[in-house]
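Let me begin by presenting the structure, written as structure tokens, before commenting on it.
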Amino acid sequence: MAGSDLVKTLMFTINNLLQQEKYKVALAVLKGFRNGAVYGAKIRAPHALVMTFLFRGGSLKDKLRAILKATYTHSRNLACFVFTYKGLQGLQQKIQGKSLQSHAFLAACIGGWLVFGENNNINSQINMYLLSRILFALSRLAVEKGVIPAPKQDPFPLFATLVWGIVLWLFEYYPHTLQPSLQSSMTYLYHDSNVWHDISDFLVYNKPRTVSQK
């Protein structure tokens, strides 16, 4: 009974603390760290699972280790970035007494350099994902601000034409310039489909099944 009362008292104290306005910025930083860790794991785990079992060789243990490592790295990095970004943003706002657009930019720049500045596969994928999004966003913003005129026709067909034309040209003639995971995907789609020996590796499998020697 005493244990139950202790838990209730503890929960009451914690919930009361969470309602305190003076701690809101610090608590938001902590919850941001939590959300970054959870979201990073949710995003990376299924992606790593599929890509590892499709394209990576090795034993089941090696594959599982690779999946866990990629998931942990993505989760950790995103959590650390959110923690850094929100912490620096809150610090700047406290110092200047108000929120400015420059606060978000500066805090994110520092966080990006500290967390996502290391050139590895996970950071490369995240940074390139964001690059494509900000190019779209900046194009829309430029139209909104009158920097460039609004297109008279939907530019998306031209965009798709150039994207696919360029990426396949790079893959066929300069594949080393593309990210390894993209190379693997395109090899599976466009080069592996040129090779088969019988019906088994034409329809059932991508490559012939090897029979172990006794």
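Note that the structure is predicted; figures quoted are calculated from it, not measured.
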- Item | Closest non-hydrogen atom pair, Ile126 against Phe116 | CD1-CE2, 3.7 Å
Considering only distance and modelled atom types, tabulate donor-acceptor pairs under 3.5 Å from the side chains of residues 31-48, sequence neighbours left out.
residue	atom	partner	partner atom	Å
Arg44	NE	His74	ND1	2.9
Arg44	NH1	His47	ND1	3.2
Arg44	NH1	Gln125	OE1	2.7
Arg44	NH2	His74	ND1	3.3
Arg44	NH2	Gln125	OE1	2.9

- Please indicate whether Phe81 has more than 12 foreign heavy atoms, meaning atoms of other residues, nucleotides or ligands, lying under 6.0 Å from its CZ. yes
- Determine the interplanar angle of the Trp169 and Tyr174 rings, folded into 0 to 90°, and report it as parallel if under 30°, tilted if 30 to 60°, perpendicular if over 60°. perpendicular
- Message: Pair Cys109, Phe105 - check side-chain contact (heavy atoms from CB on, under 4.5 Å), show working.
- Response: CA-CA 6 Å; Cys109 282; Phe105 180 77; 3.5 Å; yes
- Query: Less than 4.5 Å apart, any side-chain heavy atom of Tyr23 and any of Leu30?
  - Reply: no
- Task: Working to the nearest 0.5 Å, report the span between NZ of Lys207 and CH2 of Trp196.
- Result: 15.0 Å
- Item | Hphob cluster co-occupancy, Leu138 + Leu131, side-chain heavy atoms under 4.5 angstrom | no
- Are Leu88 and Leu106 linked, directly or through other ILVMFWY residues, by side chains that come within less than 4.5 angstrom of each other? yes
- Look at the side chain of Thr73 and the backbone N and O of Ala70, then say whether any donor-acceptor pair between them is shorter than 3.5 Å. no
- Item | Heavy-atom pair of closest approach, residues Ser124 and Gln179 | OG-NE2, 3.6 Å
- Query: Under the salt bridge (Lys or Arg N to Asp or Glu O under 4.0 Å) test, which residues partner Asp201, sequence neighbours left out?
  - Reply: none
- Task: Calculate, to the nearest 0.5 Å, the distance between atoms CE and CG belonging to Met11 and Leu6 respectively.
- Result: 12.0 Å
Show me the donor-acceptor pairs, under 3.5 Å and distance only, between side chains in residues 150-166 and residues at least two apart or in other chains.
residue	atom	partner	partner atom	Å
Asp154	OD1	Phe156	N	3.0
Thr161	OG1	Pro157	O	2.7

- Query: CD of Gln19 to CD1 of Ile14: how many Å apart, nearest 0.5 Å?
  - Reply: 12.5 Å
- Pairs where residues 46-71 contributes a residue and the test salt bridge (charged side-chain N to carboxylate O under 4.0 Å, His left out) is met, not counting sequence neighbours: Asp62-Arg65
- Message: In the structure I gave you, are the side-chain heavy atoms of Gln93 and Leu100 within less than 4.5 Å of one another anywhere?
- Response: no
- Would Leu60 end up clustered with Ile67 when hydrophobic side chains under 4.5 Å apart are linked, directly or stepwise? yes
- Query: Hey, quick one: are Leu189 and Val204 part of the same hydrophobic cluster, counting side-chain heavy atoms closer than 4.5 Å, chains of contacts allowed?
  - Reply: no
- Message: Around atom CD of Gln20, are there more than 12 heavy atoms from other residues, nucleotides or ligands closer than 6.0 Å?
- Response: yes
- Which atoms form the tightest heavy-atom contact between Gln89 and Ala104, and what is the distance? NE2-CB, 3.7 Å
- Is Leu182 reachable from Leu168 through a run of I, L, V, M, F, W or Y residues, each pair having side-chain heavy atoms under 4.5 Å apart? yes
- Not counting sequence neighbours, which residues clear salt bridge (Lys or Arg N to Asp or Glu O under 4.0 Å) with Arg140? List them please. none
- Which pair of non-hydrogen atoms, one from Ala107 and one from Gln92, has the smallest distance, and what is that distance? CB-NE2, 3.8 Å
- Message: By the side-chain hydrogen bond (donor to acceptor under 3.5 Å, both in side chains) test, which pairs, at least two apart or in different chains, include something from residues 7-17?
- Response: none
- Item | Neighbour count above 12 (heavy atom, 6.0 Å) for Tyr188 OH | no
- In Å, rounded to the nearest 0.5 Å, how long is the span from OG of Ser139 to CD1 of Ile148? 6.0 Å
- Of all heavy-atom pairs between Asn77 and Val115, which one has the smallest distance, and what is that distance? O-CG1, 3.1 Å
- Task: Locate the shortest heavy-atom distance separating Leu27 from Leu17; write the atom from each residue and the value.
- Result: CD1-O, 3.8 Å
- Query: To the nearest 0.5 Å, how far apart are CG in Leu178 and CG in Leu170?
  - Reply: 5.5 Å
- Task: Compute the ring centroids of Phe202 and His197, then answer whether they are less than 6.0 Å apart.
- Result: no
- So how far is it from Ile122 CD1 to Ser181 OG, rounded to the nearest 0.5 Å? 9.5 Å
- Item | Pro175 backbone acceptor or donor facing Gln183 side chain under 3.5 Å | yes
